[in-house]
Amino acid sequence: MAATAWLWVEVPVRVDWPAVAAQCAWAGEQARAFLVVPAVRLLVLLSLAMTVMILLEKLFVAAVCYAAKAFGHRPESRYQWRPIAASACKTGGDDEEDGIVVVGSAAFPVVLVQIPMYNEREVYKVSIGAACALEWPSDRMVIQVLDDSTDPVVKDLVKIECQRWKSKGVNIRYEVRQNRKGYKAGALKEGLMRDYVRECEFIAMFDADFQPESDFLLRTVPFLVHNPDIALVQTRWKFVNSDECLLTRFQEMSLDYHFKFEQEAGSIVYSFFGFNGTAGVWRISAINDAGGWKERTTVEDMDLAVRTALLGLKFVYVGAVKVKSELPSTFKAYRFQQHRWSCGPANLFKKVLVEILHNKKVSFWCKLHLLYDFFFVGKITAHTVTFIYYCFAIPVSVFFPEIQIPLWCVVYVPTVITLCKALGSPSSFHLVILWVLFDNVMSLHRIKATITGLLDARRVNEWVVTEKLGDANKTEPAVEGLNDVQVIDVELSTPLVPKLEKRRTRLWDKYNCSEIFVGTCIIICGCYDVLYANKGYYIYLFIQGLAFLVIGFEYIGTRPPNTE
């Protein structure tokens, strides 16, 4: 030890800190020039390419829909459609005067109406009542309530409601199962295994918050009866609480574009689109031929639609038929819903890719549409490029003078895409800027969900039932005779669906920290642009960063009812 200390004293080690700093600066410049800048430039180029893909898709969809509208191209003109008339037969004699004409319902096919439920106290009466009020011969319709509720009080309420309608002559069946395996897909699959379903030819599906009009079956089933090659009739959603808050208004704008343009164009050009999981009528034989309901993803409706399309069968969208439903009005419920809607399609794309490529029953163009337009552009690119380009590439580019994004890519292309999407809700055009900012914030969750689906990560099969606050009950369903039977309701002091209580003592439980972090970073980029870069992006960066912070601190949507 003494010798070592002596050597250290005799031969002191001196560090030339200025030289070290210069070497580090040089290494940093090299990494910046040969790694960081090329990576960011490549990311920008990829983002621009994907943005152009989305632009072309939006322009094509708009052109198809407006051309169809101009030429009066309606579903009834493309396919055979005529009302189903009751059959009549003559008995009691050969002469017309002697015989008795008997009008029957044999001409009407037997239809199964399925309503899957899970702790739906706020909406169960409305959905069951609307289904029981459907205009269809009572001996040709079976209503099946699939109750997966875990709360015994809810199960009793739903069962009593079914018994009430059954006592009024409605053919309604209340079905429960021992476990929730497969969630909604598992319930629908088990519902089709009942013996009485064998007599049914078609199946109408409604989620628990959906209220079909009484003539729903009369307007949709004829498409299936007169066109054997049609497997699905999808109708449009109409929202009863769209004006409740900005969150529901933004959802209405997005979904109106989806139905009015995306579903319409898919029906016209390809006779294919993604089944929305509710407010649709299926041919039961098509479901069986496609392999039935599968539980491999959280988008069992899209899975069934893709497998049915690979059989060469057609889908038709009937936008004139609208079904009332409820939008999630809390940000937490909407965020969980968007996770499922983004993660599921990405995971399904991974699982059906080989199946689509090896399919021999459909044409090359059908496969191309499924792989490129439906999945890659619509479910992968659209859910990832928004965050990558508008919330990362553009903000980060202010730190690199070498990276110059053309004006048409920053202003013109996004503007055209936004205007195309705004066509779905002309009455909400004044909210377009706020809608775009909100959609950019939600892209953070969509890209995480999409990556989760592609990688089969931990939350890939997460299924959280969208919370319903009973807003649909604000509108009275068109049901007659609801007051004929006295029903004893139950008032509960605690919620039937247990809600996760937030621990207000912890910051990361009280607020959405990911949004706050991203918003802070974007605002920092805006400050750097003002002080040094002078690229002119700061106005957008400040507004977008503020949007992230507003949602991060949960100043959007409604608050769940106070149950304490």
Requested in this report: List the steps, then state whether side-chain hydrogen bond (donor to acceptor under 3.5 Å, both in side chains) holds for Y372 with T381.
Outcome: CA-CA 10 Å; Y372 172 76; T381 300; over 6 Å; no

Should the pair [X]-[Y] be classified as a salt bridge under the 4.0 Å nitrogen-to-oxygen rule?
X: R236; Y: D256; value: yes
X: K58; Y: E262; value: yes
X: D207; Y: K184; value: yes

Using atom types as modelled and distance alone, determine if a side-chain donor or acceptor of [X] lies under 3.5 Å from a backbone N or O of [Y].
X: S342; Y: H339; answer: no
X: S242; Y: T248; answer: no
X: S267; Y: E264; answer: no
X: R283; Y: L224; answer: yes
X: S425; Y: S427; answer: no
X: K367; Y: V362; answer: no
X: Q544; Y: L437; answer: yes
X: R74; Y: A320; answer: no
X: D303; Y: V299; answer: no
X: N276; Y: T278; answer: no

Quick check: closest heavy atoms across [X] and [Y], and the distance to 0.1 Å?
X: K350; Y: G453; result: CD-O, 4.4 Å
X: N512; Y: E515; result: CB-OE1, 2.9 Å
X: K260; Y: G424; result: NZ-O, 2.9 Å
X: S77; Y: G72; result: OG-O, 3.9 Å
X: G557; Y: C245; result: CA-SG, 3.8 Å
X: A131; Y: V113; result: CB-CG1, 4.2 Å

I'd like to check [X] versus [Y] (side-chain heavy atoms, cut-off strictly below 4.5 Å). Are they in contact?
X: L55; Y: V416; answer: yes
X: F387; Y: K448; answer: no
X: R41; Y: E402; answer: yes
X: I523; Y: L549; answer: yes
X: F429; Y: V432; answer: yes

If the plane angle is over 60° it's perpendicular, under 30° parallel, otherwise tilted; pick one for [X] and [Y].
X: F239; Y: W237; value: perpendicular
X: F374; Y: H369; value: tilted
X: Y317; Y: F273; value: perpendicular

Query raised in the report: So F206 and F216, ring pair (Phe, Tyr, Trp, His ring centres under 6.0 Å) or not? Walk me through it.
Result: CA-CA 11 Å; F206 303 102; F216 177 87; 5.0 Å; yes

Requested in this report: Dump the intermediate steps for salt bridge (Lys or Arg N to Asp or Glu O under 4.0 Å) on K314 and D229, then the final yes or no.
Outcome: CA-CA 6 Å; K314 297 180 179 180; D229 57 340; 3.5 Å; yes

Requested in this report: May I have the step-by-step check of side-chain hydrogen bond (donor to acceptor under 3.5 Å, both in side chains) for D529 and N534, ending in yes or no?
Outcome: CA-CA 5 Å; D529 187 35; N534 297 320; over 6 Å; no

Requested in this report: Let me see the working for S329 and T558 under side-chain hydrogen bond (donor to acceptor under 3.5 Å, both in side chains), right down to the final yes or no.
Outcome: CA-CA 6 Å; S329 58; T558 62; 3.0 Å; yes

Report summary line: Given the options H383, R446, H445, Q338 meets side chain to side chain donor-acceptor pair (under 3.5 Å) only with R446

Query raised in the report: Which pairs with one or both residues in residues 524-548 pass ring pair (Phe, Tyr, Trp, His ring centres under 6.0 Å), sequence neighbours excluded?
Result: F399-Y528, Y528-Y532

**Report entry** Charged tip of K421 within 45° of W435 ring normal and under 6.0 Å
**Finding:**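 The answer is yes, since K421 meets both limits relative to W435.
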
Query raised in the report: Which of these passes ring pair (Phe, Tyr, Trp, His ring centres under 6.0 Å) with F315: F275, Y270, W282?
Result: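 It is W282, the one option of F275, Y270, W282 that forms the ring pair (Phe, Tyr, Trp, His ring centres under 6.0 Å) with F315.
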
